[in-house]
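What follows is a set of notes on a single structure, which appears directly below.
In this text the structure is predicted, and so the values were computed from the model without any measurement. All chains are named by letter (A, B, ...) in the order of the sequence lines, taking the proteins before the strands, and each is independently numbered beginning at 1.
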There are 2 protein chains.
Amino acid sequence: MCLEIIEKLAARGLKKTPQRRMLLKVLSQSDRHLSAEEVVARIKVQQPGISVATIYRNLNKMVEMELVSKLDLHDGPARYEIYKGHHHHLVCLGCGVALKIGICPLQGHIKKIIEEYGFRVNDHHFEVTGHCQKCQQEAKTDTRLPAI
Amino acid sequence: MCLEIIEKLAARGLKKTPQRRMLLKVLSQSDRHLSAEEVVARIKVQQPGISVATIYRNLNKMVEMELVSKLDLHDGPARYEIYKGHHHHLVCLGCGVALKIGICPLQGHIKKIIEEYGFRVNDHHFEVTGHCQKCQQEAKTDTRLPAI
DNA sequence: TTCTAATTAAGAACTATTATTATTTAGGGG
DNA sequence: CCCCTAAATAATAATAGTTCTTAATTAGAA
Ligand SMILES: [Mn+2]
Ligand SMILES: [Mn+2]
Ligand SMILES: [Zn+2]
Ligand SMILES: [Zn+2]
């Protein structure tokens with residue numbers, strides 16, 4: 001899985017470094033988005049010398065190349081996952097999970113209207129925050145005392 | 001215009017301070033979104049003692065109260081404007097202008113699909129970046145040498 | 001094997017924002 | 001009008017997340 005990505009890097013003239021291999025391995029083995037610091041922590045288990053700057057630098061490069069995608073909410077660190085096509089997320093404020101949704105607002109109708117404004121679209125962000133089913137359930141059955 | 005807003009603040013138990021008056025005056029006199037630092041710079045002309053912390057603190061409070069709205073892209077400082085109903089923007093990467101669009105993706109169709117996921121929506125962000133008509137024109141007729 | 005441009009580790013620097021704290025002030029009650 | 005006090009402020013330190021700088025290392029071409 002990440003072998004192919006490493007080859008894509010090489011095809012574009014980038015070196016196959018152990019740091020890049022580990023970065024891709026960690027991302028592809030995760031079942032959720034990871035922040036740069038989380039990636040570093042996981043790599044440190046095997047390569048304690050890994051530097052955060054290296055991870056940020058490579059994440060940026062890979063996002064640019066569309067090998068990795070970045071989920072940047074308006075608070076906390078950005079989080080990354082292996083690129084698997086354009087999509088958006090429902091981000092849970094309770095558990096932090098980012099549920100993939102197939103719907104993109106920049107299709108058909110809305111896209112057409114935007115282009116009628118004479119605006120040339122370059123990129124877009126669409127993020128929905130709220131609570132996932134599990135966190136709604138937990139809130140209902142929660143017997144803990146309120147935080148005040 | 002900002003007199004009404006000041007009254008709304010007072011109605012919610014907040015004091016009518018000269019700093020708050022100036023903040024609202026500056027925002028309502030601007031024809032575009034302003035960053036906190038830009039607000040400070042404009043207030044400084046008349047009140048050189050104004051503090052950035054005061055502006056940030058009040059902007060946050062006013063956003064929370066829906067008296068001001070915040071436009072937070074993923075780079076550079078957040079920018080603010082007087083709240084005039086829920087809307088989204090086409091943000092020009094050339095001149096920075098934020099064109100208001102009336103279309104909200106979280107209506108009807110898409111909203112329904114999201115709620116069918118069992119997700120309880122709390123908030124959402126939709127921003128489109130690209131180039132406005134004016135900046136597209138300028139790029140065409142631009143006789144400057146490219147920056148390499 | 002040698003060479004060199006690419007890459008790295010380490011940590012300083014930076015940007016935007018929030019927290020802390022001593023001082024000031026808005027506005028209500030006497 | 002003056003006093004009082006909670007609210008608000010100015011100044012500045014602290015923070016978070018990320019990028020920059022630089023000297024040392026290394027991948028991979030020759
Ligand atoms: Mn995803
Ligand atoms: Mn607007
Ligand atoms: Zn999309
Ligand atoms: Zn909307």
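Nearest nucleotide to the B:K16 side chain, out of C:dG27, C:dT18, D:dA10: C:dG27. Distances from the side chain of A:K15 to the nucleotides C:dA10, C:dA5, D:dT19 place C:dA5 closest. Considering only the side chain of B:K61, D:dA8 comes nearest among D:dA8, D:dT19, C:dT7.
Defined by atom type and a distance below 3.5 Å, a donor-acceptor pair is missing between the side-chain atoms of A:H125 and B:E127.
The residue among B:P18 and B:V52 whose nearest nucleotide of DNA chain D is located toward the 5' end is B:P18. When each of B:P77 and A:I55 is assigned the nucleotide of DNA chain C with its nearest heavy atom, A:I55 is the one assigned upstream, toward the 5' end. When each of B:K70 and A:R20 is assigned the nucleotide of DNA chain C with its nearest heavy atom, A:R20 is the one assigned upstream, toward the 5' end.
Between A:N58 and C:dT7 there is no side-chain polar atom (N or O) within less than 4.0 angstrom of OP1 or OP2. Between B:R57 and D:dA8, a side-chain N or O to OP1/OP2 separation shorter than 4.0 Å is absent. Residue B:N60 places at least one side-chain N or O closer than 4.0 Å to OP1 or OP2 of C:dT18. Of the side-chain N and O atoms in A:T54, one or more sit less than 4.0 angstrom from OP1 or OP2 of C:dA9. Under 4.0 angstrom from either OP1 or OP2 of D:dT19 there lies no side-chain N or O belonging to A:Y56. In terms of phosphate contacts, A:S35 brings no side-chain nitrogen or oxygen within less than 4.0 Å of OP1 or OP2 of D:dG17. A close approach under 4.0 Å does not occur between any side-chain nitrogen or oxygen of B:T17 and OP1 or OP2 of D:dA7. When the side-chain nitrogen and oxygen atoms of B:Q19 are compared with OP1 and OP2 of D:dA10, one or more of them lie within a distance under 4.0 Å.
Atom P of nucleotide D:dG17 and atom CG of A:L59 are separated by 15 Å, given to the nearest angstrom. Between the CG atom of A:L23 and the P atom of C:dT7 there is a distance of 14 Å, rounded to whole Å. Atom P of nucleotide C:dT15 and atom CG of B:L73 are separated by 18 Å, given to the nearest angstrom. Note: CG (B:L14) to C1' (D:dA6) measures 12 Å, nearest angstrom. The separation between A:E7 atom CD and D:dA27 atom C1' is 14 Å, rounded to whole Å. Distance NE2 (B:H74) to C1' (C:dA16): 15 Å, rounded to an integer number of Å. To the nearest angstrom, C1' of D:dT18 lies 8 Å from OH of A:Y80. The distance between atom CG of B:D72 and atom P of C:dT15, rounded to the nearest whole Å, is 17 Å.
Residue A:D75 is out of contact with every strand shown, counting any heavy-atom pair closer than 4.0 Å. A:P48 comes within 4.0 angstrom of no nucleic acid atom, judged by non-hydrogen atoms across all strands. Residue B:A53 is in base contact, counting any heavy-atom pair closer than 4.0 Å across all strands shown.
No side-chain donor-acceptor contact under 3.5 Å links B:S30 to the backbone of B:V26. Side chain of B:H88 to backbone of B:F126: a donor-acceptor contact under 3.5 angstrom is found.
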What do the steps show when you test B:I55 against B:I43 for side-chain contact (heavy atoms from CB on, under 4.5 Å), and what is the final call?
CA-CA 10 Å; B:I55 297 306; B:I43 296 178; 3.7 Å; yes
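B:E38 has no carboxylate O lying under 4.0 Å from a charged side-chain N of B:R79, or vice versa, which leaves the two without a salt bridge.
A 6.0 Å sphere centred on NE2 of A:H109 holds no more than 12 heavy atoms belonging to other residues, nucleotides or ligands.
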